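Naming: A, B, ... by sequence-line order, numbering from 1 per chain. No hydrogens, no waters, no symmetry mates; every other heavy atom, side chains included, goes into these values. Computed from a predicted model, the values in this text were never measured in an experiment.
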2 protein chains.
Amino acid sequence: MVTLAEVAQHAGVSASTVSYVLSGKRSISATTRHRVEQSIRELGYHPNAGARALASSRSNIIALMIPLRTDMYVPVMMEIAIAVATTARTHGYDVLLLTGEEGPDAVRRVTGSGLADAMILMDVELDDDRLPLLRDGGAPARAKPRVGDDQPSVLIGLPADTTGLTCVDLDFAATGALCVEHLAKLGHRDIAVIGEAPAVYERHTGFAERTLDGLRSRARELGLRVLHRPCEGGYDAMAVTLARVFDERPATTGFVVQNESAVEPLLALLRQQGRAVPEDVSVVAICPDQVATQASVRLTSVAIPAQEMGRHAVEHLVAKLDGRGSDEVVLIAPELTVRASSGPVPSGS
Amino acid sequence: MVTLAEVAQHAGVSASTVSYVLSGKRSISATTRHRVEQSIRELGYHPNAGARALASSRSNIIALMIPLRTDMYVPVMMEIAIAVATTARTHGYDVLLLTGEEGPDAVRRVTGSGLADAMILMDVELDDDRLPLLRDGGAPARAKPRVGDDQPSVLIGLPADTTGLTCVDLDFAATGALCVEHLAKLGHRDIAVIGEAPAVYERHTGFAERTLDGLRSRARELGLRVLHRPCEGGYDAMAVTLARVFDERPATTGFVVQNESAVEPLLALLRQQGRAVPEDVSVVAICPDQVATQASVRLTSVAIPAQEMGRHAVEHLVAKLDGRGSDEVVLIAPELTVRASSGPVPSGS
DNA sequence: AATCATTGTCGAAGCGCTTCGACACACTAT
DNA sequence: ATAGTGTGTCGAAGCGCTTCGACAATGATT
């Protein structure tokens with residue numbers, strides 16, 4: 001491996017000069033800089049990451065923690081992860097992939113060892129046991145918790161208590177509201193919400209509950225009736241759920257679906273029952289665009305802005321690492337795209 | 001941050017002793033070891049990753065490179081990535097997430113900087129431009145490429161030329177063969193293969209072509225007729241493809257599908273045409289179990305062993321890093337699970 | 001002509017760890 | 001008693017980089 005010293009020798013300058021060329025922390029004359037850069041290229045020099053981390057106590061690595069069991073739709077998580085990785089690279093950071101398996105210990109390990117400079121947590125639960133560690137920077141009991149000394153972090157998802165935390169998420173409450181508004185405008189009065197699996201609600205995952213809250217309160221204002229039913233994915237579960245919905249609210253003409261694996265079954269079952277979409281019933285989905293456009297009926301939907309979330313998270317983190325930036329909650333405004341699955345209520349009804 | 005020296009002082013031993021307790025590379029008396037371990041716990045010591053990497057020239061990090069544009073089904077990639085991360089942890093390694101964006105440069109950067117000790121590449125193309133770098137350990141032109149000095153790597157997927165490379169993959173040729181065998185046994189004589197999108201074949205992605213080769217040669221032995229049609233995902237594309245299939249080969253009764261986003265459309269279209277599955281036509285899929293079991297008809301399928309592939313890859317890599325292990329190609333034997341989508345040919349035909 | 005910034009470069013001191021050789025000590029075998 | 005053989009521990013030398021203070025050299029300001 002070629003070292004800084006070898007580059008310095010080759011260029012006929014001191015090691016520190018090479019270092020300053022690399023970091024740009026002191027001004028270097030153009031001639032010297034070019035000579036050094038030339039040597040670097042010729043020798044194929046790459047600074048040693050370990051040495052750099054040791055000397056500067058900065059690893060230029062961001063840890064991305066993905067829980068093992070996730071409530072998010074997998075492709076969305078992947079999209080976020082990819083967005084995080086690519087955005088991080090543009091800022092000179094690499095990404096360390098952590099699974100939830102180790103739990104809070106992973107936070108301690110990474111923080112304590114200086115493996116990563118910062119941390120992004122995905123799919124945060126309302127009451128997540130990793131949060132206390134992040135609030136005080138991972139140091140369990142320190143005399144003087146100096147500000148800015150701790151491990152910056154950004155959550156993707158919103159916990160119950162956000163004090164001292166930075167979070168990025170889609171504004172799910174607004175999303176829920178947006179969906180009913182759209183249906184209300186089309187004249188629908190009875191709305192059924194097909195939600196995530198019951199387990200998701202039991203685990204008090206933030207996004208599912210917030211969607212529902214936003215949706216319900218807007219529905220109340222608009223005078224609509226809402227029936228919420230959690231639903232496991234797949235055809236059989238959906239069949240049961242759907243039967244119950246029409247049993248309880250035969251006048252239902254609008255559906256809001258927040259469960260990717262229920263989307264296609266719902267459409268198939270409605271078709272099978274002779275209910276045409278969008279002529280007889282309207283369906284609005286909360287899902288990635290890919291699902292919305294690949295479904296058997298092109299779905300009116302609110303997209304999950306995966307890339308944007310990943311990008312935002314990294315950019316906030318980098319800002320924090322640079323001393324700019326602050327703790328705040330960033331909610332991304334939802335956007336509803338009208339496609340072929342929603343239309344005015346049937347005039348006959 | 002608490003350092004090795006502080007632990008040593010606290011325990012009343014020298015720094016090297018603490019280091020040996022940690023690494024176990026020299027024998028330490030039980031009493032000393034306990035005392036040191038106690039101090040470590042009390043002080044909440046975590047070895048500094050950078051210092052460790054510098055001193056030992058081992059980062060204990062494995063790089064996982066995921067191409068940006070992928071031919072694999074996204075959830076499968078995610079499953080592999082998670083399996084890689086968790087398996088790596090059990091061997092004391094962390095995982096660095098690299099996207100394909102940087103291309104071969106990423107290999108050079110990571111290799112050159114000692115950021116990672118080893119590398120796993122996913123979704124390898126038949127003629128991948130990252131491979132030459134891996135064969136000689138990432139050093140473009142070195143005088144004496146000493147054996148064992150280079151960056152070990154494992155590919156997930158099979159390139160055209162595997163000399164000097166270690167690869168892990170599902171045996172797709174055997175998979176193709178297995179699928180036709182199953183259909184042949186049930187009496188089907190005319191088989192249609194619904195493949196990945198045309199772009200996948202144009203890019204010469206290994207797994208698609210190998211599946212087809214294995215399938216065709218076994219079909220020839222068994223005297224079956226095979227019609228292969230690449231297909232984009234989604235309903236519209238599938239409708240066109242399916243119409244052409246029955247146009248060209250009206251006697252088709254068996255389908256092999258290797259395209260997750262074509263599975264559900266195919267089932268829906270068959271149903272719509274009044275062809276019952278499995279009574280009139282049989283469908284065998286090559287897809288993750290989750291897709292097979294969540295489809296509207298539970299699919300007879302060959303699973304993609306994502307976890308196993310991830311685990312294998314890491315274990316091979318760790319073996320190489322430990323000086324054990326060798327370059328070899330590991331093909332995982334396919335397993336076909338019979339579910340509800342395949343049955344004997346209709347007697348009337 | 002003397003003074004003061006400014007700019008560009010260097011030397012040296014670490015960062016926290018691993019690892020090698022040395023060494024003291026307690027044994028066993030002469 | 002003497003030499004030989006392990007054990008368990010220590011001291012010191014780095015690993016390759018960053019960064020601080022020092023210091024020429026240059027030009028601007030009196």
- A/Asp105/A/Arg130 ion pair, N-O < 4.0 Å: no

- Give a yes or no on this: more than 12 heavy atoms of other residues, nucleotides or ligands lie within 6.0 Å of atom CD of B/Glu308. yes

- Query: Can a donor-acceptor pair be found between the side chains of A/Ser16 and A/Ser19 at a distance below 3.5 Å?
  - Reply: no

- Item | Qualifying residue for side-chain contact (heavy atoms from CB on, under 4.5 Å) with A/Arg33, from A/Val13, A/Thr17, A/Val21 | A/Val21

- Item | Residue pair A/Gln38 / A/Arg35, side-chain donor-acceptor N/O under 3.5 Å | no

- Looking at every strand, decide which applies to B/Thr3 at a 4.0 Å heavy-atom threshold: base, sugar-phosphate, or nothing. sugar-phosphate

- Query: Per the end-axis method with five pairs at each terminus, what is the bend angle of the helix from C/dA1-D/dT30 to C/dT28-D/dA3, to 10°?
  - Reply: 50°

- Do A/Lys320 and A/Asp117 sit within salt-bridge range, that is, some charged N less than 4.0 Å from a carboxylate O? no

- Are there more than 12 heavy atoms of other residues, nucleotides or ligands under 6.0 Å from atom CG of B/Asp127? no

- Hey, where on DNA chain D does chain B first and last touch, going 5' to 3'? Cut-off is any atom under 4.0 Å from a heavy atom. D/dG8 to D/dG16

- How would you list, by chain and number, every residue that makes a side chain to side chain donor-acceptor pair (under 3.5 Å) with B/Asp94, sequence neighbours excluded? A/Arg109

- Message: Contact list please: residues 17-33 of chain A against DNA chain D, heavy atoms, distance less than 4.0 Å, in numerical order.
- Response: A/Ser19, A/Tyr20, A/Lys25, A/Arg26

- Does atom CD of A/Gln9 have more than 12 heavy-atom neighbours, drawn from other residues, nucleotides or ligands, at distances under 6.0 Å? no

- Query: Can you list, by residue number, the residues of residues 38-51 of chain A that have a non-hydrogen atom closer than 4.0 angstrom to DNA chain D?
  - Reply: A/Tyr45, A/Pro47, A/Asn48, A/Ala51

- Could you list the residues that satisfy salt bridge (Lys or Arg N to Asp or Glu O under 4.0 Å) with B/Arg52, not counting sequence neighbours? none

- Considering heavy-atom distances to DNA chain D, does B/Ser56 or B/Arg35 have its closest nucleotide positioned more toward the 5' end? B/Arg35

- Atom CD of B/Gln307: over 12 foreign heavy atoms under 6.0 Å: no

- Where A/Gly50 and B/Ala53 come nearest, the two heavy atoms and their spacing: CA-CB, 4.0 Å

- Please determine, by modelled atom types, if B/Thr87 and B/Thr90 share a side-chain donor-acceptor pair under 3.5 angstrom. no

